[in-house]
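Step one of this worksheet: look at the structure below.
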Amino acid sequence: MIALALPAQDSGTFTPPGIDEMHLPAILPWGAHEGFSKQMLLVILSVVIIATFFILAARKQQLVPGKLQFAGEMAYGFVRNSIAKDIIGGRDFMKYVPLLFSLFFFILVNNIYGAIPLIQLPSFSHVGGAYVLAGLVYFTWIGIGLKKNGIKYFKLATVPSGVPWYILPIVVPIEIISNFLVRPVTHSLRLFATMLAGHLIVMLAGSGIEFLIMQENVLLKGTSVLVLVGAIAMYMLEALIMALQAYVFTLLTAIYIEGALHADSH
């Protein structure tokens, strides 16, 4: 932010990086604007990493687990107990653990890419991936609601119980917009926006440090230290948010599933 406020100096004005610079050219272009990008490669790599880790962790199951087995069991237990069981409930949660487990670690690994030097590109800083995951969750909880309650589910999801009939013309449209239009959009944009903003801030700080170091003025060179301190703090905050957003996305998925399962009791 210090660099952004600087006036024109010895080597010219500071030009902050833009969104286009975050999304690198395609590795294998096959069209005018699209191709096999670095983000696609990282998404595929994340599946390989997750599958390899948990296969190795579960390969030699022992009564007294080793370090790898212990790590795998702790990771699985966190999603199973702290998200699925606590939110969905004791009777129904087990069948949804695989979905929640996959979502959590898939998002976590793809977010953590942004904190790894040389990679430094969270996959969900591109909105397409966030839309796909939110769409998958959207149709999943609607399907669960229809399977449990039939077509009556749409009434249960949009007509709150106990509301006087004369208020329903106002409440029902709000519920429809909130549950079936706004919910999937916010579910995706929350993940995308935080990853994009965090990555952009780190890029901005890095560009600002480079700009200040190139100045001939010694005082300006010294301010690069302040920008560096701020960049490190933002880097640590971004790493925390990367893990937090994986948890929030999975937690909301569990909440939506629970709402679809127990729509008749809400």
Point-to-point distance, once rounded to the nearest 0.5 Å, from [atom1] of [X] to [atom2] of [Y]:
X	Y	atom1	atom2	result
L200	M234	CG	CE	10.5 Å
T158	L168	OG1	CG	9.5 Å
L261	N149	CG	CG	8.5 Å
T140	L103	OG1	CG	8.0 Å

(message) Tell me whether K85 at atom NZ has more than 12 heavy atoms from other residues, nucleotides or ligands lying less than 6.0 Å away.
(response) no
(request) Give a yes or no on this: more than 12 heavy atoms of other residues, nucleotides or ligands lie within 6.0 Å of atom CZ of F70. (result) no
Quick one: list whatever passes ring pair (Phe, Tyr, Trp, His ring centres under 6.0 Å) with [X], sequence neighbours left out.
X	value
Y76	F101
Y96	none
Y113	none

Validation row: [X], [Y] side chains within 4.5 angstrom (heavy atoms):
X	Y	answer
L191	N111	yes
L108	M242	no
P160	V163	yes
F192	H126	no
F105	F54	yes
I201	E238	no
F124	T194	no
M40	S123	no

(request) Could you identify which residues cluster with I177, counting Ile, Leu, Val, Met, Phe, Trp and Tyr as linked when any side-chain heavy atoms lie under 4.5 Å apart, either directly or through a chain of such contacts? (result) L181, V182
Who passes side chain to side chain contact (heavy atoms under 4.5 Å, CB included) against [X], sequence neighbours left out?
X	result
L240	none
I44	F36
Q69	Q61, Q62, P65, E73

(request) Please list, chain by chain and in numerical order, all residues satisfying side-chain hydrogen bond (donor to acceptor under 3.5 Å, both in side chains) with D92, sequence neighbours excluded. (result) H262
(request) Please name all residues satisfying side-chain hydrogen bond (donor to acceptor under 3.5 Å, both in side chains) with S46, sequence neighbours left out, ordered by chain then number. (result) N110
(message) With a 4.5 Å cut-off on side-chain heavy-atom distances among I, L, V, M, F, W and Y, is there a chain of contacts connecting I255 to I257?
(response) yes
(message) Between I241 and I116, is there shared hydrophobic-cluster membership here, with clusters defined by ILVMFWY side-chain heavy atoms closer than 4.5 Å?
(response) yes
Identify all side-chain donor-acceptor contacts of residues 246-253 below 3.5 Å with residues at least two apart in sequence or on another chain.
residue, atom, partner, partner atom, Å
T250, OG1, A246, O, 2.8
T253, OG1, F249, O, 2.9

(request) Could you note down all residue pairs passing ring pair (Phe, Tyr, Trp, His ring centres under 6.0 Å) where residues 160-183 supplies at least one of them, sequence neighbours left out? (result) W141-F180, F154-F180
(message) By the side-chain hydrogen bond (donor to acceptor under 3.5 Å, both in side chains) test, which pairs, at least two apart or in different chains, include something from residues 173-186?
(response) E175-N179, N179-R183
